[in-house]
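Right, one structure below, let's go through it.
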Amino acid sequence: MKRISRRNFLKVAGVGAAALGLAACGGSKSGSTATSGSASSAAGSSTGSVNTAGFTVQYGPNPETLDPALNAAVDGGNTLITIEEPLLIIDENNEIQPGQAESYEVSDDGLVWTFHLRDGLKWSDGSDLTAKDFEYSFKRLACPDTAAPYAETVVGMIDGYEDAIGNPDADGNTTTDPDWDALNVVASEDGKDLTITLSYPCSYFDKLAAFVATSPVQQATVEANGDAWCTEPDTYVCNGPYMITDWIPSERIVLSKNPNYKGGWDSSKIVSDTITLLLLEDSSAAYAAYNSGEAQLVKDVPTDEIPSLTRAEDGGDFYLDEIMGTYYISLNDQKEPFTDPNVRKALSLAIDRDYVASTIMQGIYTPATALVGPGIVDNEGYFMDNANGGKPYIGDDYEANLEEAKQLMADAGYPDGEGFPVIEYSANDAGYHIPVAEYVQQAWGELGITVNINKVEWASFLPMRRAGDFDISRNGWSMDYNDPSNMLELFTTNNGNNDGKYNSKAFDAAMDKSKVADSKAHFEALHEAEKIMSEDYACIPVAYYNDFWLQNKTLKGIWHSPYGYWYFQYAYVEG
């Protein structure tokens, strides 16, 4: 697959839309070029026969959750974009299109967004779906009891959000009782229109309305089944082009065409009867499923097989595509000795990022010199080019960095690691995570630090990390929309995805200052925020992501987005 150049990234991101309108959530972005439109032809353009029975893919193990409000993982998100549909959707060119809403308008002051729903919308169980379902779902996102990790990101700019979550003070303590009904999202009496009033202009709100977290959930089903509503086919009521008809944990999820679907996807192009998702955590098992013909696409490719694989652009079936995301290491910033910025900086400087990306990751990823990476734009071009006066936050002279790291450890009271506790590095066993952990174990050994590796199954890994139950943990983030805030806001004090529990009033203040409609002021504040957290070493950026996968040449009609999603709505097997 042709990799996107930075020039093409800029083109698709739409720098000309020079404000927050650049942002785009959940596999969307402004622009006109898809990242991998050449990977497969669109349905209907095939020169061969179409097998409508279905196909099988693997892009992850058991999802932690398929509740749109609770999911924060790419594998869960990839399933959700196939079975759920928000007000708006993202097409193969990464452009916003009508979804459950056939149109919308925005008031002149940018505060009032009114969405007009399609006629005859149905849930997968055949019951009517109306704007009232969307009102409930938006308010459920804001409700503190839901504990939605994306709550502040997705609905934090809606009028009434502070009242909905209980008016937290500077330390995150609520000063009033939460009232989730205070969120200013109102369905019309006839259920046709949804009006959302913002507390400040947010011109990228259409991108949030296309983010899968804002998909509707059926109130009666959720209330009747509690958290279990999204764990069984019989109770998983959805509204997307496919629905869940079979689910065997650790084995497979079978998606079937939703007979009641009506929305933004062209129903005439939805030709495959089923999509089977293999729930495999072991890359060798995924590779075996691919080689046997059981699966037509697998994401988890054994890293030791990669050198022998032939790239798609050379006629092979191994695809490599850039995505907007960063592989980083989380430190438990509330736990000694990681409370000391000198220690955090020393651990960061002791890592040879070029070696990690070029050797351990076999050139699949690229070295990271800051949290916000390539392709992410500001009002003047690329955000990373305009950050820190044009200088990288992390220099590329590894030997000099290592010497500085040793001095920092001495300054922190741990000369040659003396007195430093044994620490644990937690990671799940997929991709390069364990090889990177083994490298870090060796690299920090240069500082006199003993590191034990804690290999954690995927089902337990995300809850453990979110709870802060770790010393050091591998981490990473793929962008949901092309605005640096999507990456930086992870480190605000009360963000649900702040796994390292970083807490900085100066950083939080800079992020608050970015919440304005003025483009220049917005990005200036974000540059300030990144500088604060970078110099504080809130995390350790390691590499910038690419996605890689194996795809059989008979699988057609899919596309891969720069946010790490595969779109299977129009996919089919040829022949």
Side-chain angles (χ1 to χ4, degrees), residues 25-28 65-71 76-77 79-90 96-104 113-143 145-146 148-151 153-155 158 164 180-181 183-196 205-227 229-231 233 235-244 255 258-265 480 569:
C25 261
S28 65
T65 179
L66 289 180
D67 186 327
L70 298 181
N71 177 70
T79 304
L80 287 167
I81 62 173
T82 314
I83 61 177
E84 300 281 1
E85 183 165 299
L87 293 163
L88 306 174
I89 62 171
I90 309 300
I96 295 291
Q97 298 292 349
Q100 296 287 275
E102 62 182 359
S103 64
Y104 69 96
W113 294 63
T114 304
F115 296 87
H116 306 290
L117 271 62
R118 299 175 187 273
D119 290 330
L121 293 176
K122 300 285 186 181
W123 291 102
S124 56
D125 65 359
S127 60
D128 291 339
L129 188 157
T130 74
K132 296 183 187 297
D133 294 302
F134 277 97
E135 177 182 339
Y136 164 75
S137 301
F138 270 86
K139 290 179 175 178
R140 178 175 176 262
L141 265 172
C143 178
D145 290 341
T146 304
Y150 272 111
T153 299
V154 176
V155 298
I158 298 178
W180 64 314
D181 199 45
L183 197 73
N184 202 338
V185 179
V186 180
S188 60
E189 285 300 317
D190 62 4
K192 283 283 294 174
D193 302 318
L194 186 75
T195 300
I196 300 176
F205 193 73
D206 57 338
K207 315 308 188 296
L208 297 176
F211 183 26
V212 72
T214 63
S215 299
V217 294
Q218 191 181 65
Q219 182 174 1
T221 296
V222 173
E223 292 181 348
N225 297 280
D227 293 341
W229 81 269
C230 59
T231 61
T235 56
Y236 200 101
V237 180
C238 57
N239 71 322
Y242 284 84
M243 55 190 285
I244 299 175
L255 312 180
N258 178 1
N260 295 301
Y261 173 69
K262 183 175 184 180
W265 299 108
D480 300 301
Q569 285 84 339

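The first residue in the sequence is number 1, and the count goes up from there. When reading the values below, keep in mind they use all heavy atoms of this one structure, side chains included, and skip hydrogens, waters and symmetry mates. Note that the structure is a prediction, hence the values are computed from the model and not measured.
In this structure, the separation between CD1 on I96 and CG on D206 is 5.0 Å, given to the nearest 0.5 Å. Between the OG1 atom in T79 and the CG atom in L255 there is a gap of 6.5 Å [rounded to 0.5 Å]. Of the inter-residue distances, the one linking E84 atom CD with M243 atom CE reads 11.5 Å to the nearest 0.5 angstrom. Atom CD1 of I196 is separated from atom CZ of F205 by 4.0 Å, given to the nearest 0.5 angstrom. Atom-to-atom distance recorded for Q218:CD and W123:CH2 is 6.0 Å, nearest 0.5 angstrom. Within the model, atoms CD1 of I90 and NZ of K207 stand 8.0 Å from one another, a figure rounded to the nearest 0.5 Å.
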Subject >> Criterion side-chain contact (heavy atoms from CB on, under 4.5 Å) on I244 and I83, from CA distance to verdict >> reply: CA-CA 8 Å; I244 299 175; I83 61 177; 4.0 Å; yes
**OP:** For L129 and K122, run side-chain contact (heavy atoms from CB on, under 4.5 Å): C-alpha distance rounded to whole Å, both residues' side-chain angles, the deciding distance at 0.1 Å, then the answer.
**Re:** CA-CA 5 Å; L129 188 157; K122 300 285 186 181; 5.8 Å; no
**OP:** Go through the steps to decide whether V185 and F134 satisfy the test side-chain contact (heavy atoms from CB on, under 4.5 Å), and finish with yes or no.
**Re:** CA-CA 9 Å; V185 179; F134 277 97; over 6 Å; no
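The closest donor-acceptor contact from the side chain of N260 to the backbone of S124 lies under 3.5 Å. In terms of modelled atom types and a separation under 3.5 Å, the side chain of Y236 and the main chain of L66 share a donor-acceptor contact. Side-chain N or O atoms of T82 include none that pairs as donor or acceptor with a backbone N or O of Y242 at under 3.5 Å. S137 contributes a side-chain N or O that, together with a main-chain N or O of V217, makes up a donor-acceptor pair within less than 3.5 Å. Side chain of K262 to main chain of L121: no donor-acceptor pair is present (N/O by atom type, distance under 3.5 Å, no hydrogens or angles). With hydrogens and angles ignored, the 3.5 Å screen pairs a side-chain donor or acceptor of E135 with a backbone N or O of A187.
In terms of heavy atoms, Q100 sits closest to Y261 at NE2-CE1, 4.4 Å. Nearest approach of E85 to P216, heavy atoms of both residues: O-CD, 3.3 Å. A pairwise comparison of heavy atoms in F138 and V155 identifies CD2-CG1, 3.8 Å as the closest pair. Here the closest non-hydrogen pair linking N71 and P149 is O-CG, 4.4 Å. Minimum interatomic distance between L88 and P98 (heavy atoms only, all atoms of both residues): CD2-CA, 4.2 Å. Considering all non-hydrogen atoms of both residues, L141 and A151 come closest at O-CB, 3.4 Å.
Residues W180 and T146 are not in side-chain contact: their nearest non-hydrogen atoms beyond the backbone lie 4.5 Å or more apart. F211 places a side-chain heavy atom less than 4.5 Å from the side chain of V154. Using a 4.5 Å heavy-atom cutoff, the side chains of T195 and N184 are not in contact. Counting heavy atoms from C-beta on, the side chains of T65 and C230 come closer than 4.5 Å.
For D128 and T130, the side-chain atoms include no donor-acceptor pair closer than 3.5 Å.
Legend: residues meeting salt bridge (charged side-chain N to carboxylate O under 4.0 Å, His left out) with K132, ordered by chain and number and at least two apart, are absent. Annotation: salt bridge (charged side-chain N to carboxylate O under 4.0 Å, His left out) contacts of D67 (sequence neighbours excluded): R140.
The environment of CD in E189 is sparse: at most 12 heavy-atom neighbours from other residues, nucleotides or ligands sit within 6.0 Å. For D227, the CG atom counts as loosely surrounded, since its 6.0 Å shell holds 12 or fewer non-hydrogen atoms of other residues, nucleotides or ligands.
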